[in-house]
Amino acid sequence: MRDPKSILVEALGAALRAEVPDAGEVAILLERPKNPEHGDWSSNLALQVAKKAGKNPRELAQALCASAVWATVAGTVEAPQIAGPGFINFRLKQDTKQDIIRRVLGEGAAFGRARAAAGSKVMVEFVSANPTGPLHVGHGRQAALGDAIAALLESQGHAVTREFYYNDAGAQIQNLALSVQARARGIEPGQPGWPQDGYQGEYIVEIARDYAAGGGGIDDLESIRRFAVAALRREQDEDLKAFGVKFDVYYLESSLYTEGKVEAAVKALVASGRTYEKDGALWLRTTDYGDDKDRVVRKSDGGYTYFVPDVAYHVTKWQRGFARVINVQGTDHHSTITRVRAGLQALGAGIPEGYPDYVLHSLVKVVRGGEEVKISKRAGSYVTVRDLIEWVGRDAVRFFLVSRRPDTDFVFDVDLARSQSEDNPVYYVQYAHARICSMLRQWSGDPASLSNVPLAPLSLARELALMQQLAAFPETVAAAAGEFAPHAVAFYLRGLAGEFHGYYNAERILVEDPGLREARLALAAAVRQVLANGLALLGVGAPEKM
């Protein structure tokens, strides 16, 4: 069953080639008019190529609309109409609009998926938390965003690898080990001997207790470090499991040093001729690549600055065959983007400009009872992902955290997420799915039979609007995948649920007339399928009862 939009694009292309043979390659775009009275699709093609055709746009539009090609698609679309200075508007035949129901029911869980990018390798790196404590709500936003972006890319045929980069080296890990050691010695925060910038959460006490119970030596800081990192990695894994997020690869920052990859990257930068010595330090000319000033690679004490292992790490991504990489990180990483990309360009290893892609997310503020929540008993100074899951459930957390553009600050209202009202977007969407399931149970027929029922009785404006919403799902998913924008799917689902709730409240679906009843049930079943498909992309469940 062909998509009507692709049929219209082909027909417009044929009409253009007949009328303007030397037009060349032209991107033919179709958009949905803001006013439904103007039709189902609109094209500005005549305005695009009028100058090349030597005609004014409206004159060219008239010629395109007069093409014989429209007779070949008369079963799909009404005769095109011209509006304004040369826009061409199209109205689909009613039975063409109804065909979307058969397509949805026929494709099932595959509806909305495509194979345009079949097999191309993509890596999505996200969360990548320091193993110094439980995952906080910022990590939760990363997890929800990264997993949904990965699912969207998979829906378009990409072979996606989800990767977690463990920052298990550096000063923060040293502070972790010192904090556990202090607790093992009975030293509390604020007392003499407590490390500056030490970690104060209850989890540090637990790690120290477990370490001592295992007979570990309190003076063996390296042993404490390994024990603490392993313990927190296990805890973060449990957090991710509770959140329903799985990774394909866990990459250790420490391995970049033990395997000599950081040193090799630095040698390659020196060999590129893009570095210089100054004040006892090694500098990279990042200004050659758009940075506001050159950056230190190796400090005067011999240590590397923090962006250097990032460059080495991304070299491994390229070497592993990932021509496309998306990093999901907090906006506090914004300053590293130019430096990492500059380092990769300076290496001259064939890595393209703009590698990797970044999706940066803003802060999450948690509000409960009208008050901001900042403290977690377990973590000490921040709300954890596990806290949110325990308060409102995994589905609500995941849906809420992808419901806004990543670069906007987000207020997570715990009370709203727990409420059973239309103001709660995840409840509103899930309730639409459960309501349809309840209606199908009440009908007690075979849902599989609905894919073949006559759909001619479906002619109400609300029914046609629902069909148009269903037809928009594949393009919504494709656009969301291309723009790394899962919030577009969340917004779409809210709109579809709203259309269905309005239809359900305005019209009886389980009417006595069997033909009308089954046609309306087929429409409802198609809505149910698309709701389930969209929720699955966001990692959110589609309950049959609520």
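All residue numbers refer to positions in the sequence shown, counting from 1.
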Does this structure show an ion pair linking [X] with [Y], if we count only N-O contacts that are shorter than 4.0 Å?
X      : Y      : value
Asp40  : Lys97  : yes
Arg113 : Glu107 : no
Arg368 : Asp413 : no
Glu37  : Arg91  : no
Arg324 : Asp357 : yes
Asp407 : Arg405 : yes
Lys365 : Asp409 : no

Check: Cationic tip of Arg341 within the cone over Tyr289's six-membered ring, i.e. under 6.0 Å and within 45° of the normal?
Finding: no

- Item | Derivation and outcome, side chain to side chain contact (heavy atoms under 4.5 Å, CB included), residues Phe500 and Ile436 | CA-CA 9 Å; Phe500 178 77; Ile436 297 169; 3.4 Å; yes

For [X] and [Y], indicate whether the former's side chain and the latter's backbone hold a donor-acceptor pair under 3.5 Å.
X      : Y      : value
Asp387 : Thr384 : yes
Lys93  : Gly75  : no
His433 : Pro543 : yes

* Mind checking salt bridge (charged side-chain N to carboxylate O under 4.0 Å, His left out) for Arg320 and listing every partner two or more places apart, or none if nothing turns up? =>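 Arg320: salt bridge (charged side-chain N to carboxylate O under 4.0 Å, His left out) contacts with Glu163.
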
(request) Under the ring pair (Phe, Tyr, Trp, His ring centres under 6.0 Å) rule, what do Tyr431 and His501 come out as? Steps first, then yes or no, please. (result) CA-CA 9 Å; Tyr431 182 52; His501 286 308; 5.7 Å; yes

Side chain to side chain contact (heavy atoms under 4.5 Å, CB included) with Gln94: of Leu455, Asp99, Leu464, Leu458, only one passes, and it is Leu464

Give the intermediate values and the outcome of ring pair (Phe, Tyr, Trp, His ring centres under 6.0 Å) for residues Trp70 and Phe90. CA-CA 11 Å; Trp70 301 112; Phe90 301 94; 5.3 Å; yes

Taking every heavy atom of Ser449 against every heavy atom of Trp443, the minimum-distance pair comes out as OG-CH2, 3.9 Å

Next item on the list: Step by step, work out the ring pair (Phe, Tyr, Trp, His ring centres under 6.0 Å) result for Tyr251 and Tyr313.
Entry: CA-CA 9 Å; Tyr251 200 102; Tyr313 173 46; 5.1 Å; yes

Residue set satisfying ring pair (Phe, Tyr, Trp, His ring centres under 6.0 Å) with Tyr492, at least two apart, ordered chain then number -> Phe473

